[in-house]
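Comments concern the structure below.
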Amino acid sequence: MDRIIEMDHFVSVEDLTNEQIMLLLQRASAFKTGKVWKSPKHQIFAANMFFENSTRTHNSFHIAQRKLGLEVLEFGTATSSLQKGETLYDTVLTLCALGVDVVVIRSTIERYWEDLIQSSNVHCHVVNGGDGSGEHPSQCLLDLMTIQEEFGKFSGLKVAIIGDLVHSRVARSNMQMLTRFGAEIFFSGPKEWHDKEFDKYGKYLSLDELIPKVDVLMMLRVQHERHDGELNFSKEKYHRLYGLTENRASWLQDHAIIMHPAPVNRDVEIADSLVESPKSRIVEQMRNGVYARMAILEAVLT
Amino acid sequence: MDRIIEMDHFVSVEDLTNEQIMLLLQRASAFKTGKVWKSPKHQIFAANMFFENSTRTHNSFHIAQRKLGLEVLEFGTATSSLQKGETLYDTVLTLCALGVDVVVIRSTIERYWEDLIQSSNVHCHVVNGGDGSGEHPSQCLLDLMTIQEEFGKFSGLKVAIIGDLVHSRVARSNMQMLTRFGAEIFFSGPKEWHDKEFDKYGKYLSLDELIPKVDVLMMLRVQHERHDGELNFSKEKYHRLYGLTENRASWLQDHAIIMHPAPVNRDVEIADSLVESPKSRIVEQMRNGVYARMAILEAVLT
Amino acid sequence: MDRIIEMDHFVSVEDLTNEQIMLLLQRASAFKTGKVWKSPKHQIFAANMFFENSTRTHNSFHIAQRKLGLEVLEFGTATSSLQKGETLYDTVLTLCALGVDVVVIRSTIERYWEDLIQSSNVHCHVVNGGDGSGEHPSQCLLDLMTIQEEFGKFSGLKVAIIGDLVHSRVARSNMQMLTRFGAEIFFSGPKEWHDKEFDKYGKYLSLDELIPKVDVLMMLRVQHERHDGELNFSKEKYHRLYGLTENRASWLQDHAIIMHPAPVNRDVEIADSLVESPKSRIVEQMRNGVYARMAILEAVLT
């Protein structure tokens, strides 16, 4: 019989034990190979509350919910009483009173979920779809899933994380998790986007030195929307200095894979022609996101 | 066998007979205790059209619809041909032609529903989710349900309605209905928000005199969005003069309950700590809203 | 057994063969008379992406999808990563990776669908809900359905298309299709909205000369939103010169019908009282839109 991890909320991947993560990954893979959730007879309501623009996370949660047979309420953040000044806490309290069992929230506010999970009146499960510059735990899970699926292990893998490290909410979770599971981490990209705190996870190397070494090349998105005009390189310059050009890609080992959380800025982080190339797992990451999120929802609903 | 009230539309609670209201309340309670609707075999489509921000009304109608097994169409008021100047009438005519059976509408326009229910070409049922400064009949029903559930009766109850009486679309329905069913009504709050027309329903008293007397304390929301800067008291002053402070709450009778249609301005109408306190029925009102709306939808669809 | 046309995408009606169109019309009629789609056991996901305001097309696709038993994902174009600069191509690539089987897209960009249907990585079916000033093929199909339902044939029918010919994406498809099927086309309306290229389909006549002759009077919408203040007639003047007034309507043959793609500008293209009059098929066109779209979705999903 399958063991299913049970948890009240899924707000952080960094707080989970290795065993909990491994169980989530197992269930995600099971869903991918056609496992069906034995959902309860009664209706279960999920509400999605997205306060930041999202394509992948939002829609893959929605699809994961429907694949599990949940009822889905798309909460209109822009047309709700939040516009009259109602707080997130009171809004979630309301949704729970109306019968919502699980809320998936993406917010601009770091650790927005704290008063929700501490409340004795909010009875629904909280799933974090990204909290400001905090975590993006479901993205971390799907990244781990994609690597495990490729190599069958993490231990001993060389993983490079490249680019906008400081602004990436998934980079920090990934470096921490991958280190825990025995991978070796490297960094590259603009020096001004590197931070000393990353030194405990791995070495900073130049991109050209790094590429021929690695098993996994994780490119991060240049988050134009989080840099207010402070970027001091053009797209072309970024691509030339820190991007995966076709030339650089030719130095990758045969078995190496390219990852990116997307949306990709084509010809900035990665050459246009490489995004859908055989070494790229970018589309597979999206696909895995649905199954990872099914596992997460199952865990909180079990 | 349960008697189910049948009606073509649900646009006003004030126009219903006492018997109709009692039957709706009975059905709402039955749904709350697990009664399942015997829905027809064929698909029934409900469309929700909300022209004003809403959390409770909108989402509880959606959940009520899904609990009844209806198909739900969330009509995008901001992305529809209403933006090209199409009228509400022509939009509802369209939705009916497409196969929508019931439309739930919240509009800024009082009695927007008149030409809809008079048309011989609009065949769908209209449910009023609030019409400008007109009525908010489903809110009135859930308020009645919450009081009846608590006390088993209306007759002889002392009910205080406090605050923004002039701008509240539910206050007028509530005073009228509760009077009809034999409750005794009192008012309090800023004098400038009181109106002589309320004298026929009950007496205006000072808040401090009122609180120890009442069985039900209905606080109304200060509708900042309907006062254009004309408010001449701060939040702190309102709370001190007309709000339910912790001190005032201590004068309430043991069996008295606190109600509020929400969203609550915490520490304005009601002290923060009282919103989720044992005497508060605010969360229960939200919960009852789903069942009251199931009864309403059932009545128009039967 | 019914023959069902199979196609990968439905982007243009002008590119279809006469047989394909006839088969689609047959299926649409079958759905209208209660035919049920034998949908596959597994879940099928449809995503609707509307970049232009729409009431009829958007909601009738949604209803058609639910009538076929599809899961429907309403893609929030305004709250997606398109806002971060992600392209339509990458967005559709994502949705397909997440498991979406068919996307219905309305875009402002003519032939937006070209790189989608040419991609070897986009595996989902594309249904065109209108592409800029290109085509609106599902509208054309429902117009054909409405005429065929009325007269049982196209051959020999006299059809007038009147009004904003240059800006109408459905007018061109309709004149082409109806000509193919043997109808005789006439045009009228403001001369400045006529174009020489239409001469190959039919003659331009004055409205008063035309009305007594025709079997079908297709009025087009004055698309105020596509004319930036360049209109040099008032609504009243347009109605008097080119509109279907009550007086003009009295000259129509007994069996003649009035069509309009809607939204109608009442008292501009058509007198208010005629919109829902016995000769009008405007509401029927909307109704048929659901069944035409069911046939389209069935064709791409089969």
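Letters go in sequence order (proteins before strands), and every chain restarts at 1.
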Side-chain ion pair, B/Lys32 and B/Glu149, N-O less than 4.0 Å: yes
Which heavy atom of B/Ser54 sits nearest a heavy atom of B/Asn59, and at what distance? O-ND2, 4.5 Å
In terms of heavy-atom pairs under 4.5 Å, which option from B/Ala262, B/Ser60, B/Ala64, B/Pro263 contacts chain A the most? B/Pro263
Pair A/Glu276 + A/Arg266: basic N to acidic O under 4.0 Å: yes
B/Asn128 side chain to B/Glu135 side chain, donor-acceptor N/O pair below 3.5 angstrom: no
Under 4.5 Å from any heavy atom of chain B, what part of A/Ala78 do you find: side chain, backbone, both or neither? backbone
Regarding A/Arg169 and A/Glu110, does a basic nitrogen lie under 4.0 Å from an acidic carboxylate oxygen? no
Max heavy-atom pair count under 4.5 Å with chain B, selected residue of A/Glu74, A/Gln43, A/Gln83: A/Gln43
Check this for me: A/Lys235, atom NZ, are more than 12 non-hydrogen atoms of other residues, nucleotides or ligands nearer than 6.0 Å? no
Among A/Ser119, A/Gly76, A/Ser120, A/Ser80, the residue with the most heavy-atom pairs under 4.5 Å to chain B is A/Ser80
Consider side chain to side chain contact (heavy atoms under 4.5 Å, CB included). Of B/Ile162, B/Asn174, B/Leu165, which one does B/Leu220 pass it with? B/Leu165
Can you tell which part of B/Val290 gets under 4.5 Å to a heavy atom of chain A, answering side chain, backbone, both or neither? side chain
Check: A/Lys35 and A/Arg27 side chains under 4.5 Å, non-hydrogen atoms: yes
Should the ring pair B/Trp193 and B/His167 be called parallel, tilted or perpendicular, given that the plane angle runs from 0 to 90° and is split at 30 and 60? perpendicular
Sort B/Arg106 into side chain, backbone, both or neither according to what part of it lies under 4.5 angstrom from a heavy atom of chain A. side chain
Inter-chain contacts: residues 88-99 of chain A against chain B, heavy atoms under 4.5 Å: A/Tyr89, A/Asp90, A/Thr91, A/Leu93, A/Thr94, A/Leu95, A/Ala97, A/Leu98
